[in-house]
Amino acid sequence: QVQLVESGGGLVQAGGSLRLSCAASGRTFNNYAMGWFRQAPGKERDFVTTISWSGGSTYYADSVKGRFAISRDNAKNTVYLQMNNLKPEDTAVYYCAARSAMSPISIMRSWTKWDYWGQGTQVTVSS
């Protein structure tokens, strides 16, 4: 089992920045690919970004490319999501996820393919 706890969400004005953190415990953190998804009210859970166990590979949804950055610190069992130039359409609950293997992005983009989830943290961007 892997337990994931997100933090860092909040209310920010458009153009602002937030940094989300996801602390992991349980099984060896650096065996897992990590990812961030988000879910707005009434919508499906959408892929945001993922990072390989080593941090050497990252992928981003087109909607966040150039604005968001994922990183991980395996010594601290933590993955981060730096979000810059936030837009009102970024408003959602953001979820951290862990997967035991890195697969082609077509698989990693599907929330149903992930093994463990955090409880989510709300991000609200006002216009």
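What you see is a predicted model; the values in this text were computed from it and never measured.
- Counting only distance, with no hydrogens or angles, the side chain of N74 and the backbone of S54 share no donor-acceptor pair below 3.5 Å.
- The distance from atom OG of S127 to atom NZ of K87, rounded to the nearest 0.5 Å, is 14.0 Å.
- Residues A92 and Q122 come closest through the heavy atom pair O-NE2, 3.4 Å.
- Between K65 and D62 there is a salt bridge, since a side-chain N of the basic residue sits under 4.0 Å from a carboxylate O of the acidic one.
- Across every non-hydrogen atom of A101 and A33, the tightest pair is O-CB, 4.2 Å.
- Separation of atoms CD (E44) and CD (Q39) is listed at 8.0 Å; rounding is to 0.5 Å.
- R72 contributes atom CZ, which lies 7.0 Å from atom OG of S52 (distance to the nearest 0.5 angstrom).
- Not a single donor-acceptor pair under 3.5 Å links the side chain of S21 to the backbone N or O of Y80.
- M102 approaches S57 most closely through the heavy-atom pair CE-O, 4.4 Å.
- For the pair T91 and A40, the tightest heavy-atom approach, listed with the atom from each and the gap, is O-CB, 3.8 Å.
- Using modelled atom types, no side-chain atom of S110 and backbone atom of I107 make a donor-acceptor pair closer than 3.5 Å.
- Across every non-hydrogen atom of N30 and W53, the tightest pair is O-CB, 3.2 Å.
- In this view, S103 and R99 satisfy the side chain to side chain donor-acceptor pair (under 3.5 Å) rule, not counting sequence neighbours.
- In the hydrophobic clustering, where aliphatic and aromatic side chains (Ile, Leu, Val, Met, Phe, Trp, Tyr) are joined below 4.5 Å either directly or transitively, V5 stands alone.
- When hydrophobic residues (I, L, V, M, F, W, Y) are linked wherever their side-chain heavy atoms come within less than 4.5 Å, the members clustered with V12 are V2, L4, L18, L20, F29, Y32, M34, W36, V48, I51, Y60, V64, F68, I70, V79, L81, M83, L86, Y94, Y116, V123, V125.
- Between S7 atom OG and Q119 atom CD the span is 8.5 Å, to the nearest 0.5 Å.
- Each of W114, W111, Y95 was scored for a ring pair (Phe, Tyr, Trp, His ring centres under 6.0 Å) with F37, with one residue passing: W114.
- The backbone N or O of G120 sits less than 3.5 Å from a side-chain atom of E6, completing a donor-acceptor pair.
- Checking side-chain atoms of R109 against main-chain N and O of F47 turns up no donor-acceptor pair under 3.5 Å.
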